[in-house]
Chemist: 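Input: one structure, supplied below.
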Amino acid sequence: MADDHQKMDMDIDNKGEVEQKAKPVMVILVGAPGSGKSTFSEHVMGSSSRPWTRICQDTINNGKAGTKPQCLKSASIALKEGKSLFIDRCNMDKEQRSDFVKLGCGAQVDVHAVVLDLPAQLCISRSVKRTGHEGNLQGGKAAAVVNRMLQKKELPKLHEGFARIVFCHNENDVQAAIKAYSALGPLDTLPNGCFGQKNPDAKIQLGIMKFLKKAEVPSNVGSSSDTAQDSACPQASKEIDPFCKRTNKGSSLLGTAGKEVKESEDLAKGSVGADVFVEDIPTLAFPSISTADFQFNNEKASDIIVEKVKEFADKLENARLVLVDLSHGSKILSLVRAKAAKRNIDSKKFFTFVGDITQLYSQGGLHCNVIANAANWRLKPGGGGVNAAIFSAAGPALETATKERARSLLPGHAVIVPLPSDSPLYTRERVSHVIHVLGPNMNPQRPNPLDNDYTKGCSILREAYTSLFSGFLSIVRSHSKLPWKSCENLVSAPSDLKDPSRGGPKNHLTNSDQKIKRDDDCVSERSKKCKGSHNEIGADISAPSSTRGKVSGDKSKLEGATSKSWGSWAQALYQIAMHPEKHKDELLEVLDDVVVLNDLYPKAQRHLLVLARFEGLDRLADVRQENVQLLMTMHAVGLKWAEKFLHEDSSMVFRLGYHSVPSLRQLHLHVISQDFNSNHLKNKKHWNSFNTAFFRDSVDVIEEIKNHGKATIKDEDSQLSMELRCHRCRSAHPNIPRLKSHISICQAPFPHALLKNGRLVLAPKYNRSNA
DNA sequence: GTTCTAGAAC
DNA sequence: GTTCTAGAAC
């Protein structure tokens, strides 16, 4: 497997034969004496299948040290011969590198930098050994040389003209880079960008993805440029430049004060503090959803992947998506590759990669700050495939963090989990977030199979990718404009957003923006808050409105105008459903799928709520056919409690049902006694929400979902403002007090419609006498 | 969802 | 003057 990782599958978008031609690469090694530059090139050259030339200034003059012009001349000759090059000299500052970069750019080759940023002590001790055991004096000289070099150190940046920069800070990094370059066949290319840049505080580093001033970066780099994008001076690199740098603080044993001022000035252009470190390109690595264990058809899945990638490509700005599979022979990978090429998807925004999704950075040299997990509905480790691998690689930290976010997931939905800093995936692979996504299941051996219904399957798979990509975008966006200090809050705080439609201008950070970002952490919930859209059940509901593009742009505008978010006061039930353990005192019963509690403001003598414990099921409009089992469970549990109360008082009558448009988030079934004898029942809305068609009987909802896939939802404005009528004799009353005094004495039998189909729940003897 | 309260309805 | 509603704020 390790070998597989090394083969970079940048086989994106083949634009004809030009790309098939062997393309040399110039690797400018950057490092102090003793950092291992020569060893690096020797190792690669020893096992590479492409022709390499090493230009070493120490030996270029007939085995003796030569000059920079000599190196440039040799390099030029080698490039003309189609050789790939190692520029083996210290190249510690920009000026030293620039002529070589220029040479490479002129020759239309990819110019890479490999930075051997190893500890000064190590470089010094190697230098001393190399100069031949000449004692303290020589040792002292070597130390002085290394120290001087390190003082001059100016780390390379993409805007110098590098297509790719890899930083190595320890022997593992060096070995990984050697492997990557060794495996680079004549026709292969390595991903562009900055890799392995170090932060003095790892905890901070991985959480930050700074891509400031994104507004200035054209969202589609390729659209207006010529065809020279793959030259050694990629346009994208120039754009990324201001965001791919670091200060020198803490990067060597020696003070670099002068340097730091310069870097700070650079950083100031991006209006960010001088000690903020900047990561490379935000990247989402994702496995193909549902095609493995869930046996989703590869052809159909690849169509959907490409369709969704295409849809999101325009919104990605400087971020990118990578479809990952473990095997070179992957059917889905080759299908997607071919289809992506056909549809001219920008290879900078999307490509495929062969490797282990849990070791992309350490083994493949590909830094993906976000990885997607093909999760199971319980969000539990184990099973097999990607899910087992990711949970295993991430350690228990992921399981804990996931539990805090959600207990379960519905097909088509996704949930973002910020990875705790003690997870190996965070420290080793530099993954800051895992997005769990659940796709449709076509495998009859797994829970809730779709029985080969590909109409539904495709629709759910589309939703799954929409949820996934929207989630990734929300991470990128939330991390792109905020100081890193806010990021921790951003990813860990529970949803507490106000009205998304009040968000500030797109590129202007405001408080309300932050709240929206925060909410995006739970992708699957977002659009459920649009009260204006509750009849559109199967629609693309997961995309954050801010990221909806042309495909659904009109709809989003419509929704944007009428959408209403869940206020912070509306989150109580959601919090209980997600964290029942924190609300033990309030709960009557906790089961796997539901919890039961008393309504805090009961509108009758008995008034319970049966809460669904599913992420993404905010209200009745979210319920679909695959939730029938859940609805039946909720009904059964509600019924059990009603019967318990009937046992205590056989004169009671219960009704079980849902509000068409609930005020509180999280699907909840009301179990309410029909006396409506409560001081909390105070106004017309209270009454009508339980005594008009706004109240949807549980039995009817279940039938509708079974038969039509969705429940009827009655308009709240018309229903809740209806005249006040007695639920038994249907007499009208002018106001709530008068109505209440009437219902306290009305003994009329219940309307026939309510007595049918078990809508009312009565004690056996009452049932008989009224039937 | 509730609370608060201005002002309409009585 | 008191009761009740309905909209805003939370």
Side-chain angles (χ1 to χ4, degrees), chain A residues 493-502 511-512 514-516 518-519 525 528-532 534 562-580 582-583 585-588 595-612 617-622 655-673 676-692 694-696 713-726 731-744:
Chain A
S495 304
D496 178 31
L497 91 167
K498 302 288 180 189
D499 188 346
S501 63
R502 288 189 206 146
N511 284 337
S512 48
Q514 295 193 22
K515 287 185 172 162
I516 294 164
R518 193 182 290 180
D519 184 67
E525 298 143 31
K528 314 281 169 59
K529 292 153 196 165
C530 301
K531 289 205 170 179
H534 43 249
T562 55
S563 73
K564 194 182 158 201
S565 60
W566 300 106
S568 54
W569 49 264
Q571 305 290 344
L573 296 181
Y574 171 75
Q575 293 303 332
I576 291 171
M578 292 303 141
H579 310 287
K582 292 183 190 165
H583 302 268
D585 297 344
E586 306 154 50
L587 301 180
L588 298 171
V595 292
V596 184
L597 66 155
N598 276 313
D599 193 297
L600 187 58
Y601 299 96
K603 304 300 184 291
Q605 287 193 355
R606 294 289 189 189
H607 185 183
L608 304 185
L609 302 178
V610 180
L611 257 184
L617 270 189
D618 287 350
R619 58 183 173 204
L620 193 53
D622 300 332
R655 203 171 164 195
L656 282 64
Y658 300 86
H659 283 158
S660 284
V661 183
S663 297
L664 297 180
R665 177 184 175 191
Q666 197 66 16
L667 183 68
H668 54 280
L669 171 71
H670 290 270
V671 179
I672 186 164
S673 61
F676 294 107
N677 176 10
S678 164
N679 290 332
H680 295 292
L681 201 162
K682 291 173 176 170
N683 59 45
K684 193 180 242 182
K685 181 175 176 176
H686 290 156
W687 178 258
N688 282 340
S689 70
F690 289 100
N691 292 289
T692 64
F694 183 84
F695 188 84
R696 304 285 298 110
I713 284 163
K714 288 289 180 177
D715 174 60
E716 60 177 327
D717 294 336
S718 62
Q719 299 298 320
L720 298 182
S721 58
M722 280 170 80
E723 59 190 349
L724 298 167
R725 283 191 178 272
C726 172
S731 60
H733 299 268
N735 56 45
I736 288 291
R738 297 270 284 276
L739 172 76
K740 287 180 82 170
S741 60
H742 167 78
I743 59 172
S744 69

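Since this is a predicted model, take the numbers as computed values, not measurements. Numbered from 1 within each chain, the chains take letters A, B, ... in sequence-line order.
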Chemist: Check the distance between B:dT2's P and A:L664's CG and give it to me in whole angstrom.
Modeler: 9 Å

Chemist: Give a yes or no on whether the backbone of A:S689 and the side-chain of A:H659 come within a donor-acceptor separation of less than 3.5 Å.
Modeler: yes

Chemist: Just N and O in the side chain of A:K682: are any of them under 4.0 Å from OP1 or OP2 of B:dT3?
Modeler: yes

Chemist: Over how many whole Å does the gap from A:Q575 atom CD to B:dG1 atom P extend?
Modeler: 18 Å

Chemist: Could you state the atom-to-atom distance from NZ of A:K685 to P of C:dA8 in whole Å?
Modeler: 13 Å

Chemist: Crowded around A:K685 NZ? As in, over 12 foreign heavy atoms under 6.0 Å?
Modeler: no

Chemist: Would you mind reading off the distance between A:W566 atom CH2 and B:dG1 atom P, rounded to a whole angstrom?
Modeler: 9 Å

Chemist: If you look at every heavy atom in A:R655 and A:F690, which pair is closest and at what distance?
Modeler: NH1-O, 3.4 Å

Chemist: Compare the minimum distances between each of B:dG1, B:dT2, B:dT3 and the side chain of A:H686, then state the nucleotide with the smallest one.
Modeler: B:dT2

Chemist: I need the CG-P distance between A:D599 and B:dG1, as an integer number of Å.
Modeler: 8 Å

Chemist: When we call it a touch if two heavy atoms are under 4.0 Å apart, what does A:H668 touch: a base, just sugar-phosphate, or nothing?
Modeler: nothing

Chemist: B:dT3 C1' sits how many Å from A:W569 CH2, rounded?
Modeler: 13 Å

Chemist: Is there side-chain contact between A:P662 and A:L620, with at least one heavy-atom pair below 4.5 Å?
Modeler: no

Chemist: Tell me which residues in residues 734-743 of chain A lie within less than 4.0 Å of DNA chain C, going by non-hydrogen atoms.
Modeler: A:N735, A:I736, A:P737

Chemist: Within less than 4.0 Å of OP1 or OP2 of B:dT2, is there a side-chain N or O belonging to A:K603?
Modeler: yes

Chemist: Which whole-number value in Å describes the distance from A:L681 CG to B:dG1 P?
Modeler: 11 Å

Chemist: Kindly give the heavy-atom pair with the smallest separation between A:K603 and A:L681, and that separation in Å.
Modeler: O-CD1, 3.6 Å

Chemist: Please state how far atom OH in A:Y601 lies from atom C1' in B:dT2, giving the value in whole angstrom units.
Modeler: 5 Å

Chemist: What is the minimum heavy-atom distance between A:K682 and A:H686, and which atoms define it?
Modeler: N-ND1, 2.9 Å

Chemist: Any sub-3.5 Å donor-acceptor pair from A:D599's side-chain atoms to A:H607's backbone N or O?
Modeler: no

